[in-house]
Amino acid sequence: MKNKVAIVKCDDYNQKNVDSAVREALNLIGGAGKFIKKNNKVLLKVNLLIPSLPENGITTHPAVIKTLGKIVIENGGIPYIGDSSMWQTNEALDVCGVTKVCKELSCAAVNLESYPPKEIYDPQAKILKKMYVSSLVKDVDVLVTVPKLKVHEMMLFTGAVKNMFGTIPGQNKTLMHKKAPNTREFSELLIDLYSNVTPTFALMDGIINVEGSAGVGLTRKIGVILASENSISLDVVASSIIGYAPEILPLNIAAKKRGFSGTNPDEIEIVGEKLKNVKVVEFKKPPSVIPRMLSTPWLNKLNTIINFIRTDSRPVVEKKKCIRCKICENRCPVKAVKVEKYPIFDYNLCIHCFCCCEGCKVGAIKVKASIINQIIMKAIDKMALK
Ligand code: SF4
Ligand code: SF4
(Lines give C-alpha, C1' and ligand atoms only; values in the text may rest on other atoms or scores of the structure.)
(Ligands and ions follow the chains in the order given, each with its own letter.)
Protein backbone atom coordinates (compact mmCIF):
# COMPACT_ATOMS: atom_id res chain seq x y z
CA MET A 1 0.00 0.00 0.00
CA LYS A 2 1.23 3.49 -0.85
CA ASN A 3 2.05 6.08 1.82
CA LYS A 4 -0.48 8.87 1.82
CA VAL A 5 0.73 12.46 1.99
CA ALA A 6 -1.93 15.16 2.24
CA ILE A 7 -1.38 18.58 0.68
CA VAL A 8 -3.78 21.37 1.62
CA LYS A 9 -3.37 24.97 0.52
CA CYS A 10 -3.32 27.64 3.22
CA ASP A 11 -2.47 31.24 2.36
CA ASP A 12 -1.80 32.78 5.76
CA TYR A 13 -1.75 32.29 9.53
CA ASN A 14 -5.28 33.55 10.10
CA GLN A 15 -6.41 31.10 12.81
CA LYS A 16 -9.63 30.15 10.98
CA ASN A 17 -7.75 29.37 7.77
CA VAL A 18 -5.14 27.34 9.63
CA ASP A 19 -7.84 25.46 11.57
CA SER A 20 -9.58 24.51 8.38
CA ALA A 21 -6.37 23.48 6.52
CA VAL A 22 -4.92 21.41 9.38
CA ARG A 23 -8.24 19.61 9.94
CA GLU A 24 -8.61 18.89 6.24
CA ALA A 25 -5.03 17.58 5.99
CA LEU A 26 -5.55 15.24 8.95
CA ASN A 27 -8.92 14.06 7.61
CA LEU A 28 -7.23 13.20 4.31
CA ILE A 29 -4.91 10.76 6.10
CA GLY A 30 -7.64 9.13 8.16
CA GLY A 31 -8.52 11.74 10.81
CA ALA A 32 -6.87 12.60 14.13
CA GLY A 33 -9.05 10.00 15.91
CA LYS A 34 -7.11 7.30 14.09
CA PHE A 35 -3.98 8.27 16.03
CA ILE A 36 -5.16 9.87 19.29
CA LYS A 37 -7.31 7.97 21.81
CA LYS A 38 -8.88 9.07 25.10
CA ASN A 39 -6.33 9.94 27.82
CA ASN A 40 -3.38 9.50 25.46
CA LYS A 41 -0.40 11.70 26.32
CA VAL A 42 0.47 13.42 23.04
CA LEU A 43 3.77 15.22 22.47
CA LEU A 44 3.67 17.84 19.72
CA LYS A 45 7.38 18.03 18.90
CA VAL A 46 7.51 21.42 17.23
CA ASN A 47 10.56 23.09 15.65
CA LEU A 48 11.89 25.87 17.90
CA LEU A 49 15.40 26.13 16.47
CA ILE A 50 16.24 29.41 18.20
CA PRO A 51 14.25 32.08 20.05
CA SER A 52 12.79 33.77 16.96
CA LEU A 53 9.50 35.55 16.34
CA PRO A 54 6.93 33.50 14.38
CA GLU A 55 6.93 35.97 11.47
CA ASN A 56 10.61 35.17 10.79
CA GLY A 57 9.50 31.84 9.30
CA ILE A 58 12.13 29.77 11.14
CA THR A 59 10.03 28.00 13.76
CA THR A 60 6.66 26.20 13.70
CA HIS A 61 4.00 28.91 13.75
CA PRO A 62 1.85 29.17 16.92
CA ALA A 63 -1.37 29.20 14.86
CA VAL A 64 -0.54 25.71 13.56
CA ILE A 65 0.47 24.58 17.05
CA LYS A 66 -2.77 25.94 18.52
CA THR A 67 -4.95 24.09 16.03
CA LEU A 68 -3.12 20.83 16.64
CA GLY A 69 -3.34 21.30 20.42
CA LYS A 70 -7.11 21.86 20.12
CA ILE A 71 -7.48 18.73 18.00
CA VAL A 72 -5.59 16.66 20.60
CA ILE A 73 -7.93 17.91 23.34
CA GLU A 74 -11.07 17.33 21.23
CA ASN A 75 -9.96 13.72 20.77
CA GLY A 76 -9.57 13.21 24.53
CA GLY A 77 -5.77 13.44 24.52
CA ILE A 78 -3.46 15.40 26.82
CA PRO A 79 -1.13 17.69 24.82
CA TYR A 80 2.49 18.43 25.69
CA ILE A 81 4.04 20.97 23.35
CA GLY A 82 7.75 21.70 23.04
CA ASP A 83 11.29 21.09 21.83
CA SER A 84 14.94 21.27 22.85
CA SER A 85 16.29 24.22 20.87
CA MET A 86 19.82 24.85 19.67
CA TRP A 87 20.13 27.29 22.56
CA GLN A 88 17.89 28.81 25.29
CA THR A 89 14.83 26.58 24.94
CA ASN A 90 12.86 28.39 27.69
CA GLU A 91 13.32 31.69 25.89
CA ALA A 92 12.40 30.01 22.58
CA LEU A 93 9.14 28.68 24.08
CA ASP A 94 8.18 32.28 24.96
CA VAL A 95 9.48 34.12 21.87
CA CYS A 96 8.15 31.56 19.37
CA GLY A 97 4.66 31.85 20.87
CA VAL A 98 4.35 28.37 22.41
CA THR A 99 3.95 29.51 26.03
CA LYS A 100 1.01 31.75 25.06
CA VAL A 101 -0.72 28.99 23.08
CA CYS A 102 -0.28 26.55 25.96
CA LYS A 103 -1.80 29.04 28.40
CA GLU A 104 -4.81 29.46 26.12
CA LEU A 105 -5.22 25.67 25.85
CA SER A 106 -4.36 25.00 29.54
CA CYS A 107 -1.69 22.49 28.58
CA ALA A 108 2.05 22.06 29.18
CA ALA A 109 4.72 24.01 27.27
CA VAL A 110 7.69 21.67 27.62
CA ASN A 111 11.41 22.15 27.53
CA LEU A 112 12.54 18.64 26.58
CA GLU A 113 15.79 19.25 28.45
CA SER A 114 13.90 19.43 31.76
CA TYR A 115 13.10 15.69 31.58
CA PRO A 116 15.89 13.24 32.43
CA PRO A 117 17.60 11.77 29.38
CA LYS A 118 16.67 8.20 28.56
CA GLU A 119 19.26 5.81 27.17
CA ILE A 120 18.37 3.81 24.09
CA TYR A 121 20.64 1.02 22.89
CA ASP A 122 20.33 -0.08 19.28
CA PRO A 123 22.83 -2.70 18.07
CA GLN A 124 21.57 -2.22 14.49
CA ALA A 125 22.41 1.50 14.48
CA LYS A 126 25.16 2.65 12.11
CA ILE A 127 26.53 5.57 14.18
CA LEU A 128 24.43 5.97 17.35
CA LYS A 129 24.35 2.54 18.98
CA LYS A 130 23.77 4.26 22.30
CA MET A 131 21.66 7.41 22.24
CA TYR A 132 20.04 9.65 24.82
CA VAL A 133 16.69 11.31 24.21
CA SER A 134 14.43 13.31 26.49
CA SER A 135 12.48 10.72 28.51
CA LEU A 136 9.20 12.52 27.77
CA VAL A 137 9.53 11.41 24.17
CA LYS A 138 9.39 7.77 25.25
CA ASP A 139 6.77 8.29 27.98
CA VAL A 140 4.05 9.69 25.73
CA ASP A 141 1.56 7.50 23.85
CA VAL A 142 1.60 9.56 20.67
CA LEU A 143 4.57 11.44 19.20
CA VAL A 144 3.79 14.02 16.53
CA THR A 145 6.50 15.74 14.52
CA VAL A 146 5.41 19.29 13.67
CA PRO A 147 8.24 20.67 11.52
CA LYS A 148 8.72 23.83 9.53
CA LEU A 149 9.43 23.34 5.81
CA LYS A 150 13.00 24.63 5.33
CA VAL A 151 16.22 24.30 3.41
CA HIS A 152 19.33 23.38 5.38
CA GLU A 153 22.96 24.37 4.91
CA MET A 154 24.31 20.90 5.67
CA MET A 155 21.46 18.53 4.78
CA LEU A 156 19.91 20.61 1.95
CA PHE A 157 16.45 20.10 3.42
CA THR A 158 15.03 19.84 6.94
CA GLY A 159 11.56 18.53 7.68
CA ALA A 160 9.69 15.87 9.64
CA VAL A 161 12.58 13.39 10.04
CA LYS A 162 15.29 15.88 10.99
CA ASN A 163 12.88 17.55 13.43
CA MET A 164 13.43 14.50 15.67
CA PHE A 165 16.98 15.79 16.30
CA GLY A 166 15.45 18.11 18.90
CA THR A 167 14.49 15.10 21.04
CA ILE A 168 18.20 14.93 21.96
CA PRO A 169 18.48 17.29 24.91
CA GLY A 170 20.60 20.46 24.92
CA GLN A 171 24.30 20.54 24.13
CA ASN A 172 24.29 16.82 23.27
CA LYS A 173 22.98 17.84 19.87
CA THR A 174 26.17 19.77 19.19
CA LEU A 175 28.25 16.75 20.20
CA MET A 176 26.38 14.66 17.63
CA HIS A 177 27.93 16.79 14.88
CA LYS A 178 31.35 15.91 16.25
CA LYS A 179 30.42 12.23 16.24
CA ALA A 180 29.20 12.39 12.64
CA PRO A 181 31.18 15.21 11.05
CA ASN A 182 30.18 14.81 7.42
CA THR A 183 26.85 14.82 5.63
CA ARG A 184 26.78 11.10 4.98
CA GLU A 185 27.54 10.13 8.58
CA PHE A 186 25.16 12.74 9.95
CA SER A 187 22.39 11.34 7.73
CA GLU A 188 23.04 7.86 9.12
CA LEU A 189 22.96 9.28 12.66
CA LEU A 190 19.62 10.95 12.01
CA ILE A 191 18.20 7.71 10.62
CA ASP A 192 19.51 5.84 13.70
CA LEU A 193 17.58 8.31 15.82
CA TYR A 194 14.47 8.20 13.62
CA SER A 195 14.47 4.38 13.77
CA ASN A 196 14.16 4.56 17.54
CA VAL A 197 12.08 7.71 17.86
CA THR A 198 9.52 7.31 15.10
CA PRO A 199 6.64 9.79 15.05
CA THR A 200 3.09 8.48 14.98
CA PHE A 201 2.31 11.08 12.32
CA ALA A 202 3.67 14.33 10.90
CA LEU A 203 2.01 17.70 10.32
CA MET A 204 4.14 20.29 8.54
CA ASP A 205 3.92 24.07 8.59
CA GLY A 206 4.73 25.06 5.01
CA ILE A 207 2.78 28.31 4.93
CA ILE A 208 5.42 31.07 5.16
CA ASN A 209 9.00 29.93 5.41
CA VAL A 210 12.54 31.25 5.52
CA GLU A 211 14.39 31.05 2.20
CA GLY A 212 18.06 30.35 1.54
CA SER A 213 18.91 29.22 5.08
CA ALA A 214 17.61 27.13 7.99
CA GLY A 215 18.32 30.15 10.20
CA VAL A 216 17.71 33.85 9.67
CA GLY A 217 16.81 34.99 6.14
CA LEU A 218 14.00 36.45 4.06
CA THR A 219 10.63 34.73 4.10
CA ARG A 220 8.63 33.37 1.19
CA LYS A 221 5.07 32.13 0.99
CA ILE A 222 4.79 28.46 0.07
CA GLY A 223 1.17 28.22 1.23
CA VAL A 224 0.76 24.58 2.26
CA ILE A 225 -0.01 22.34 5.19
CA LEU A 226 1.16 18.74 4.76
CA ALA A 227 0.26 15.64 6.78
CA SER A 228 1.30 12.01 6.67
CA GLU A 229 1.71 8.90 8.80
CA ASN A 230 5.08 8.47 7.10
CA SER A 231 7.53 11.29 7.89
CA ILE A 232 9.97 10.17 5.18
CA SER A 233 7.30 10.40 2.48
CA LEU A 234 6.12 13.74 3.80
CA ASP A 235 9.68 15.06 3.45
CA VAL A 236 9.94 13.72 -0.10
CA VAL A 237 6.81 15.67 -1.08
CA ALA A 238 7.76 18.80 0.88
CA SER A 239 11.25 18.96 -0.61
CA SER A 240 9.81 18.46 -4.11
CA ILE A 241 7.61 21.51 -3.56
CA ILE A 242 10.71 23.69 -3.19
CA GLY A 243 12.59 22.03 -6.03
CA TYR A 244 14.67 19.18 -4.60
CA ALA A 245 14.61 15.74 -6.19
CA PRO A 246 14.46 13.01 -3.50
CA GLU A 247 17.45 11.18 -4.97
CA ILE A 248 19.83 14.03 -4.06
CA LEU A 249 18.72 14.41 -0.45
CA PRO A 250 21.30 12.79 1.87
CA LEU A 251 18.73 11.85 4.50
CA ASN A 252 16.43 10.25 1.94
CA ILE A 253 19.38 8.31 0.48
CA ALA A 254 20.28 6.97 3.94
CA ALA A 255 16.65 6.00 4.63
CA LYS A 256 16.40 4.23 1.28
CA LYS A 257 19.59 2.23 1.93
CA ARG A 258 18.09 1.00 5.20
CA GLY A 259 14.94 -0.15 3.41
CA PHE A 260 12.49 2.41 4.77
CA SER A 261 9.23 2.62 2.90
CA GLY A 262 8.22 5.85 1.17
CA THR A 263 11.56 7.18 -0.09
CA ASN A 264 10.49 6.99 -3.77
CA PRO A 265 7.72 9.10 -5.30
CA ASP A 266 6.13 5.92 -6.73
CA GLU A 267 5.60 4.66 -3.15
CA ILE A 268 3.63 7.80 -2.32
CA GLU A 269 -0.01 8.68 -2.91
CA ILE A 270 -0.63 12.41 -2.78
CA VAL A 271 -4.11 13.27 -1.55
CA GLY A 272 -5.76 16.70 -1.57
CA GLU A 273 -4.09 19.35 -3.72
CA LYS A 274 -1.96 18.26 -6.69
CA LEU A 275 1.82 18.64 -6.29
CA LYS A 276 2.18 20.66 -9.51
CA ASN A 277 -0.29 23.24 -8.16
CA VAL A 278 1.83 24.08 -5.11
CA LYS A 279 5.39 23.89 -6.49
CA VAL A 280 7.40 27.05 -5.81
CA VAL A 281 9.63 28.37 -8.58
CA GLU A 282 13.29 28.97 -7.70
CA PHE A 283 13.05 28.72 -3.93
CA LYS A 284 16.45 29.96 -2.72
CA LYS A 285 18.78 27.19 -1.58
CA PRO A 286 21.95 27.52 0.48
CA PRO A 287 25.16 27.16 -1.53
CA SER A 288 26.10 23.82 0.03
CA VAL A 289 27.93 21.88 -2.63
CA ILE A 290 29.32 19.08 -0.52
CA PRO A 291 26.02 17.37 0.37
CA ARG A 292 24.96 17.52 -3.25
CA MET A 293 28.21 15.94 -4.39
CA LEU A 294 28.07 13.23 -1.76
CA SER A 295 24.58 12.37 -2.88
CA THR A 296 25.52 12.04 -6.52
CA PRO A 297 27.07 8.56 -6.90
CA TRP A 298 29.61 9.33 -9.64
CA LEU A 299 30.75 12.56 -7.98
CA ASN A 300 30.87 10.80 -4.63
CA LYS A 301 33.91 8.88 -5.87
CA LEU A 302 35.88 11.98 -6.78
CA ASN A 303 37.40 12.59 -3.37
CA THR A 304 40.04 14.97 -4.58
CA ILE A 305 37.47 17.30 -6.05
CA ILE A 306 35.35 17.03 -2.94
CA ASN A 307 38.26 17.92 -0.72
CA PHE A 308 39.14 20.87 -2.90
CA ILE A 309 35.61 22.17 -2.89
CA ARG A 310 35.16 21.41 0.79
CA THR A 311 37.70 24.07 1.64
CA ASP A 312 35.97 26.41 -0.75
CA SER A 313 32.48 26.44 0.86
CA ARG A 314 32.64 28.00 4.27
CA PRO A 315 30.90 30.09 6.91
CA VAL A 316 31.73 33.80 6.81
CA VAL A 317 30.60 36.69 9.02
CA GLU A 318 28.85 39.88 7.95
CA LYS A 319 30.59 42.17 10.42
CA LYS A 320 27.94 44.90 10.30
CA LYS A 321 25.25 42.53 11.56
CA CYS A 322 27.29 40.81 14.30
CA ILE A 323 26.33 41.71 17.89
CA ARG A 324 29.18 39.65 19.43
CA CYS A 325 26.88 37.40 21.44
CA LYS A 326 29.34 34.48 21.08
CA ILE A 327 26.60 31.94 20.35
CA CYS A 328 28.57 30.76 17.31
CA GLU A 329 31.66 30.26 19.48
CA ASN A 330 29.70 28.37 22.13
CA ARG A 331 27.82 26.17 19.68
CA CYS A 332 30.61 25.16 17.32
CA PRO A 333 31.14 21.42 17.97
CA VAL A 334 34.84 21.53 17.08
CA LYS A 335 35.76 24.94 18.52
CA ALA A 336 36.49 26.35 15.08
CA VAL A 337 35.08 29.80 15.94
CA LYS A 338 36.61 32.34 18.27
CA VAL A 339 34.86 35.66 18.80
CA GLU A 340 37.28 38.47 19.46
CA LYS A 341 36.25 41.75 17.88
CA TYR A 342 34.30 39.58 15.42
CA PRO A 343 34.13 35.80 14.89
CA ILE A 344 37.27 34.29 13.41
CA PHE A 345 36.93 30.87 11.78
CA ASP A 346 39.58 28.18 11.74
CA TYR A 347 38.75 26.54 8.42
CA ASN A 348 41.18 23.71 9.08
CA LEU A 349 39.03 22.62 12.02
CA CYS A 350 35.63 23.42 10.50
CA ILE A 351 33.49 20.35 9.69
CA HIS A 352 30.89 22.32 7.68
CA CYS A 353 27.96 21.54 9.96
CA PHE A 354 26.81 25.18 9.64
CA CYS A 355 25.39 25.21 13.19
CA CYS A 356 26.91 28.69 13.46
CA CYS A 357 24.73 29.93 10.55
CA GLU A 358 21.59 28.30 11.94
CA GLY A 359 22.15 29.53 15.46
CA CYS A 360 23.03 33.18 14.79
CA LYS A 361 19.90 35.07 15.72
CA VAL A 362 20.78 38.13 13.63
CA GLY A 363 21.72 36.18 10.50
CA ALA A 364 25.31 37.46 10.54
CA ILE A 365 26.84 34.19 9.32
CA LYS A 366 26.37 33.04 5.74
CA VAL A 367 27.73 30.17 3.68
CA LYS A 368 30.14 31.47 1.09
CA ALA A 369 30.93 29.45 -1.99
CA SER A 370 33.21 30.44 -4.85
CA ILE A 371 31.85 31.00 -8.35
CA ILE A 372 33.23 27.61 -9.42
CA ASN A 373 31.35 26.04 -6.54
CA GLN A 374 28.16 27.80 -7.50
CA ILE A 375 28.42 26.69 -11.12
CA ILE A 376 28.97 23.07 -10.06
CA MET A 377 26.04 23.29 -7.66
CA LYS A 378 23.68 24.62 -10.31
CA ALA A 379 24.77 21.93 -12.77
CA ILE A 380 24.16 19.16 -10.23
CA ASP A 381 20.76 20.56 -9.31
CA LYS A 382 19.81 20.75 -12.97
CA MET A 383 20.80 17.13 -13.49
CA ALA A 384 18.94 15.94 -10.43
CA LEU A 385 15.72 17.84 -10.89
CA LYS A 386 12.89 16.47 -12.96
S1 SF4 B 1 28.18 36.02 14.29
FE2 SF4 B 1 26.14 35.87 15.17
S3 SF4 B 1 26.30 34.26 16.72
FE4 SF4 B 1 28.41 34.91 16.23
S5 SF4 B 1 28.91 36.49 17.72
FE6 SF4 B 1 28.11 37.54 15.90
S7 SF4 B 1 25.93 37.77 16.32
FE8 SF4 B 1 26.68 36.24 17.77
S1 SF4 C 1 32.66 26.98 12.21
FE2 SF4 C 1 30.46 26.76 11.91
S3 SF4 C 1 30.29 25.34 10.19
FE4 SF4 C 1 32.38 25.17 10.97
S5 SF4 C 1 32.27 23.48 12.42
FE6 SF4 C 1 31.96 25.36 13.59
S7 SF4 C 1 29.73 25.60 13.69
FE8 SF4 C 1 30.17 24.10 12.07
Side-chain angles (χ1 to χ4, degrees), residues 48-53 56 58-59 84-89 91-92 95-96 127 150-158 162 165-166 168 170-187 189-190 210 212-218 250-251 285-294 306-370 373 377:
L48 307 180
L49 175 71
I50 56 173
S52 176
L53 292 169
N56 294 333
I58 297 168
T59 52
S84 165
S85 309
M86 183 183 269
W87 48 271
Q88 292 172 355
T89 304
E91 190 188 335
V95 177
C96 303
I127 306 274
K150 290 193 291 182
V151 291
H152 191 267
E153 282 82 354
M154 184 187 192
M155 306 302 294
L156 302 183
F157 173 80
T158 168
K162 186 169 178 298
F165 194 48
I168 297 176
Q171 274 281 60
N172 283 337
K173 283 191 284 294
T174 310
L175 298 176
M176 294 299 110
H177 279 287
K178 214 169 163 181
K179 206 172 173 65
N182 64 48
T183 309
R184 198 167 12 198
E185 286 171 339
F186 195 61
S187 303
L189 181 149
L190 289 172
V210 70
S213 170
V216 178
L218 296 175
L251 204 42
K285 321 265 194 317
S288 315
V289 180
I290 298 299
R292 285 169 170 80
M293 295 191 78
L294 290 174
I306 287 177
N307 286 336
F308 164 71
I309 291 178
R310 190 180 172 89
T311 57
D312 202 28
S313 178
R314 55 182 65 182
V316 291
V317 67
E318 274 183 50
K319 289 181 181 171
K320 267 194 264 171
K321 287 188 181 169
C322 177
I323 54 169
R324 299 182 196 105
C325 65
K326 293 199 174 187
I327 284 169
C328 52
E329 181 178 313
N330 295 334
R331 286 295 174 266
C332 176
V334 291
K335 306 281 173 228
V337 194
K338 182 97 191 108
V339 180
E340 290 173 354
K341 198 169 173 195
Y342 297 104
I344 296 166
F345 298 91
D346 183 338
Y347 295 119
N348 291 321
L349 290 180
C350 176
I351 56 170
H352 305 85
C353 66
F354 301 113
C355 289
C356 51
C357 306
E358 266 189 283
C360 176
K361 63 180 168 187
V362 294
I365 301 179
K366 301 283 177 222
V367 182
K368 184 170 182 264
S370 72
N373 251 350
M377 185 180 71

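In each ligand, atom 1 is the first atom listed, and ligand 1 is the first ligand listed.
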**OP:** Show the numbers, then the answer: is there a side-chain contact (heavy atoms from CB on, under 4.5 Å) between Ser52 and Lys361?
**Re:** CA-CA 7 Å; Ser52 176; Lys361 63 180 168 187; over 6 Å; no
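- Checking side-chain atoms of Ser85 against main-chain N and O of Leu48 turns up a donor-acceptor pair under 3.5 Å.
- Every atom of ligand 1 is numbered from 1 in the order shown, and the set under 4.0 Å from a heavy atom of Pro343 is 1 (S), 4 (Fe).
- Protein heavy atom nearest atom 4 (Fe) of ligand 1, with residue, atom name and distance: Cys328 SG, 2.4 Å.
- The Ile323 neighbourhood of ligand 1 comprises atoms 6 (Fe), 7 (S), with distances under 4.0 Å to a heavy atom of that residue.
- The side chain to side chain donor-acceptor pair (under 3.5 Å) test applied to Gln88 returns no partner, not counting sequence neighbours.
- Under the side chain to side chain donor-acceptor pair (under 3.5 Å) criterion, Thr89 pairs with Glu113, sequence neighbours left out.
- Within ligand 1, counting atoms from 1 as listed, the ones closer than 4.0 Å to a heavy atom of Lys326 are 5 (S), 8 (Fe).
- Less than 4.0 angstrom separates some heavy atom of Val362 from each of these atoms of ligand 1: 7 (S).
- Using modelled atom types and a 3.5 Å distance limit, the side chains of Glu358 and His152 yield a donor-acceptor pair.
- Between the side chain of Lys162 and the backbone N or O of Phe157, no donor-acceptor pair lies under 3.5 Å.
- Between Phe165 and His177, the angle of the ring planes goes over 60°, which puts this pair in the perpendicular group of the 30/60° scheme.
- Numbered from 1 in the order shown, with element, the atoms of ligand 2 that lie under 4.0 Å from a heavy atom of Phe345 read 1 (S).
- Against a heavy-atom cut-off of under 4.0 Å, Cys325 is close to the following atoms of ligand 1: 3 (S), 5 (S), 7 (S), 8 (Fe).
- Under the side chain to side chain donor-acceptor pair (under 3.5 Å) criterion, Lys173 pairs with Ser84, not counting sequence neighbours.
- Excluding waters, the protein N/O/S atoms found under 2.8 Å from atom 8 (Fe) of ligand 2 are Cys353 SG.
- Remark: the backbone N or O of Pro250 is not paired with any side-chain donor or acceptor of Arg184 at under 3.5 angstrom.
- Near Ile365, meaning under 4.0 Å from any of its heavy atoms, are these atoms of ligand 1: 1 (S).
- For Tyr347 (side chain) and Ala336 (main-chain N/O), no donor-acceptor pair under 3.5 Å exists by modelled atom type.
- At the shortest separation from atom 2 (Fe) of ligand 1 among protein heavy atoms lies Cys360 SG, 2.4 Å.
- Listed by number with element, the atoms of ligand 1 under 4.0 Å from a non-hydrogen atom of Cys322 are 1 (S), 5 (S), 6 (Fe), 7 (S).
- In this structure, Leu218 places its CG atom where only 12 or fewer heavy-atom neighbours from other residues, nucleotides or ligands lie under 6.0 Å away.
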